[in-house]
Amino acid sequence: QGADLQGADLQGAYLQGAKFDENTRIDTGETWGEYLKEVAPVLQTIIALDSTDIPLLLRPRYQQFLAYKEAGLIPNFAS
């Protein structure tokens with residue numbers, strides 16, 4: 001059973017060494033499994049295309065992605 005982090009403020013949280021299983025519900029409401037399958041690959045693609053101009057709508061998700069990536073929680077997705 002994963003932790004329920006929905007609504008948690010993870011900005012500035014130290015996530016190094018965190019362990020999320022597929023059922024962990026993250027602060028934006030989806031499960032970790034859903035995030036890795038549907039959200040992270042899209043963000044990684046957007047960042048690869050143009051990381052200098054992230055649209056305003058995606059900036060919170062971009063910051064969330066960077067925090068997870070810096071903590072080693074995001075795998076490298078094949079292009």
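All residue numbers in this chain count up from 1 along the given sequence.
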(request) Could you give me the CA-CA distance, side-chain angles and deciding distance for Trp32 and Leu73, then say whether side chain to side chain contact (heavy atoms under 4.5 Å, CB included) is met? (result) CA-CA 10 Å; Trp32 185 242; Leu73 297 170; 3.8 Å; yes
(message) Within the 4.5 Å heavy-atom criterion, are Ile74 and Leu36 side-chain neighbours or not?
(response)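 A side-chain contact exists here, since the closest heavy-atom pair is under 4.5 Å.
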(request) Decide yes or no for Tyr62 and Ile47: does some side-chain heavy atom of the first lie under 4.5 Å from some side-chain heavy atom of the second? (result)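 The answer is yes; the side chains approach within 4.5 Å.
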(request) Could you walk me through whether Thr31 and Thr24 pass the side chain to side chain contact (heavy atoms under 4.5 Å, CB included) test, one step at a time? (result) CA-CA 5 Å; Thr31 65; Thr24 300; over 6 Å; no
(request) Under the side chain to side chain contact (heavy atoms under 4.5 Å, CB included) rule, collect the residues that match up with Glu30, sequence neighbours excluded. (result)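 Partners of Glu30 under the side chain to side chain contact (heavy atoms under 4.5 Å, CB included) test: Ile26, Thr28, Glu34, Tyr35, Val39, Arg61.
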(request) Spell out, as yes or no, whether a donor-acceptor pair under 3.5 Å connects the side chain of Arg59 to the backbone of Ile54. (result)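 Yes, the answer is positive, given that a donor and an acceptor are paired below the 3.5 Å cut-off.
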(message) How long is the straight-line distance from CZ of Phe65 back to CD1 of Ile46, given to the nearest 0.5 Å?
(response)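 Interatomic distance, Ile46 CD1 to Phe65 CZ, rounded to 0.5 Å: 10.0 Å.
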